[in-house]
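Labels below follow one simple rule: chain letters A, B, ... track the order of the sequence lines, proteins then strands, and each chain is numbered from 1. Scope of the values below: all heavy atoms of this structure, side chains included, with no hydrogens, waters or symmetry mates.
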Amino acid sequence: MKIATFNINGIKARIEALTEWLAEAQPDVACLQEIKSVDEAFPRAHFEDLGYNVETHGQKSFNGVAILSKLPLEDVTRGLPGDDTDEQARWIEATVVGRTAIRVCGLYLPNGNPAPGPKYDYKLAWMKRMQARVTELLATEEPLVFCGDYNVIPQPEDAAKPEDWKTDALFLPESRAAFRRLIHLGLTDAIRTRDPRPGTYTYWDFQRGAWERNNGIRIDHLLLSPQAADLMRETGIDKAVRGREKPSDHVPAWVDLDA
DNA sequence: ATGGTAGCGGTGCTA
């Protein structure tokens with residue numbers, strides 16, 4: 001079962017690039033972030049025609065997550081528990097029914113800039129809520145995959161120029177510590193474990209020729225519970241997608257599970 | 001220190 005994460009930065013603008021990548025990469029499951037669309041405006045029928053089941057958790061203009069799956073999806077839930085006043089669409093869960101059932105959580109973690117400030121406070125509070133949800137799900141001892149745009153650069157080697165990110169919410173010590181706390185619950189960073197080659201990033205800014213200079217960062221992650229890590233066969237980052245027409249600023253990252 | 005680009009939506013916000 002090939003599970004991918006892809007921050008598409010607007011479904012309307014990315015429908016062609018996404019369709020091309022789906023055709024060549026053939027993921028069984030694709031978790032999408034920043035669909036920037038309400039549910040009613042998501043081109044559901046287009047992806048259903050390609051053989052995908054479609055579940056969205058959208059929002060006007062900003063954020064928004066979705067799961068496309070060739071396999072049946074069960075027990076779909078929307079929103080990260082822990083704050084009923086949070087109206088930002090950043091979390092969706094579903095159980096993918098393959099040979100082995102996998103609980104997949106697609107997430108778009110808050111950016112947090114500028115830091116310090118209310119946006120950074122929201123990011124850290126959100127990560128605390130995620131910690132609680134992950135803890136809850138780990139107790140089920142099911143195979144779990146938490147994938148998405150984490151907006152966290154875990155280590156200096158995950159940035160081409162780490163010194164440029166010293167005061168950025170993506171690399172501040174509190175953000176990295178909160179990410180480490182997730183890892184220390186027992187999750188495996190699939191890409192880091194299986195594809196730790198330097199210079200393999202998942203995001204290059206649209207500005208200042210970041211792509212041309214390979215000035216990237218690795219912020220899109222797939223974290224696996226022990227039961228999912230045991231099934232891990234292969235991982236990858238589809239870097240070439242960034243060099244095409246009308247690209248997102250992120251590229252897909254994926255894991256293949258024996259499930 | 002600044003401003004550079006992209007998407008959404010029709011202005012300024014978010015990243």
Side-chain angles (χ1 to χ4, degrees), chain A residues 5-21 30-44 46-47 56-66 80 85-91 106-127 130 147-154 158-172 174-176 178-179 201-221 239-253:
Chain A
T5 177
F6 189 5
N7 181 325
I8 56 174
N9 192 7
I11 185 59
K12 200 180 301 177
R14 215 65 63 213
I15 188 156
E16 289 182 14
L18 175 58
T19 300
E20 182 181 5
W21 168 74
C31 292
L32 308 178
Q33 301 88 40
E34 285 204 88
I35 64 173
K36 295 185 174 179
S37 164
V38 293
D39 294 333
E40 306 78 61
F42 192 89
R44 154 186 300 275
H46 172 78
F47 296 103
T56 61
H57 180 37
Q59 175 183 340
K60 186 181 178 183
S61 305
F62 306 116
N63 309 319
V65 289
L80 179 62
T85 69
D86 186 358
E87 294 182 347
Q88 300 191 30
R90 298 179 173 275
W91 184 273
L107 64 110
Y108 176 47
L109 205 148
N111 176 295
N113 282 303
K119 291 187 177 180
Y120 194 52
D121 295 340
Y122 175 67
K123 176 179 196 157
L124 295 178
W126 200 96
M127 293 184 82
M130 179 171 170
C147 63
D149 177 359
Y150 280 70
N151 272 313
V152 175
I153 303 165
D158 297 314
K161 300 171 77 174
E163 64 276 13
D164 286 0
W165 298 90
K166 285 291 184 197
T167 62
D168 193 285
L170 278 62
F171 194 57
L172 281 173
E174 298 95 322
S175 303
R176 296 170 56 199
F179 184 83
Y201 308 119
T202 64
Y203 169 91
W204 295 261
D205 202 295
F206 285 126
Q207 304 180 62
R208 289 161 292 192
W211 167 247
E212 289 75 11
R213 299 161 194 255
N214 195 29
N215 182 12
I217 52 177
R218 191 175 72 93
I219 56 174
D220 300 273
H221 308 298
K239 184 175 180 176
V241 170
R242 185 64 176 82
R244 295 181 183 164
E245 287 298 307
K246 239 174 125 54
S248 171
D249 39 6
H250 297 250
V251 297

Just how far, in rounded Å, is P of B/dG3 from CG of A/Asp205?
-> 16 Å

Distance only, no hydrogens: is a donor on one side chain within 3.5 Å (strictly under) of an acceptor on the other, for A/Thr5 and A/His250?
-> no

Specify whether A/Phe179 and A/His221 have parallel, tilted or perpendicular ring planes, treating 30° as the upper limit for parallel and 60° as the lower limit for perpendicular.
-> tilted

Could A/Arg176 and A/Phe171 be counted as a cation-pi pair, given that NZ or CZ must be under 6.0 Å from the ring centre and within 45° of the axis?
-> yes

Is there a donor in the side chain of A/Asp168 and an acceptor in the side chain of A/Asn113, or the other way round, less than 3.5 Å apart?
-> yes

Gap between atoms CZ and C1', on A/Arg213 and B/dT5 respectively (whole Å) | 14 Å

Taking the side chain from A/Arg14 and the backbone from A/Lys246, do they hold a donor-acceptor pair closer than 3.5 Å?
-> yes

Let me know, please, whether A/Asn111 or A/Ala13 comes out on the 5' side of the other along DNA chain B by nearest nucleotide.
-> A/Ala13

Sorted by number, the residues of residues 30-37 of chain A with heavy-atom contact under 4.0 Å to DNA chain B | A/Lys36

Among residues 56-65 of chain A, which contact DNA chain B at a heavy-atom distance under 4.0 Å?
-> A/Lys60, A/Ser61, A/Phe62

Have a look at A/Arg242 and say if it touches a base, only the backbone sugar-phosphate, or nothing, with a 4.0 Å heavy-atom cut-off.
-> nothing

Within this structure, what is the CG-to-C1' distance between A/Asp249 and B/dG4, rounded to whole angstrom?
-> 14 Å

List the atom pairs, donor and acceptor, that lie under 3.5 Å between side-chain atoms in residues 36-43 of chain A and the rest of the protein, sequence neighbours left out.
unit_1  : atom_1 : unit_2  : atom_2 : d
A/Lys36 : NZ     : A/Asn9  : OD1    : 2.8
A/Asp39 : OD1    : A/Thr56 : OG1    : 2.8
A/Asp39 : OD1    : A/Gly58 : N      : 2.7

Separation between the C1' atoms of B/dA15 and B/dG4, rounded to whole Å = 13 Å

Touch class at under 4.0 angstrom, heavy-atom based, for A/Tyr203 against every strand present = nothing

Between A/Gln207 and A/Gly112, whichever has its closest DNA chain B nucleotide further toward 5' is A/Gln207

Taking CG from A/Asn113 and P from B/dT14, how many angstroms apart are they, rounded to a whole number?
-> 12 Å

Using the P atom in both, what is the distance from B/dG10 to B/dT14, to the nearest Å?
-> 15 Å

Tell me yes or no: between the side chains of A/Asp249 and A/Trp211, is some donor less than 3.5 Å from an acceptor?
-> no

Regarding A/Glu34 and A/Asn7, is there a side-chain donor-to-acceptor distance under 3.5 Å anywhere?
-> yes

Closest to side chain of A/Arg208, choosing from B/dG4, B/dA15, B/dG7 = B/dG4

Starting at CD of A/Glu212 and ending at P of B/dT5, how long is that distance when rounded to a whole Å?
-> 12 Å

Whole Å only: how far is the CZ atom of A/Phe206 from the P atom of B/dG7?
-> 6 Å

Indicate whether any N or O donor in one side chain lies under 3.5 Å from an N or O acceptor in the other, for A/Asp86 and A/Tyr122.
-> yes

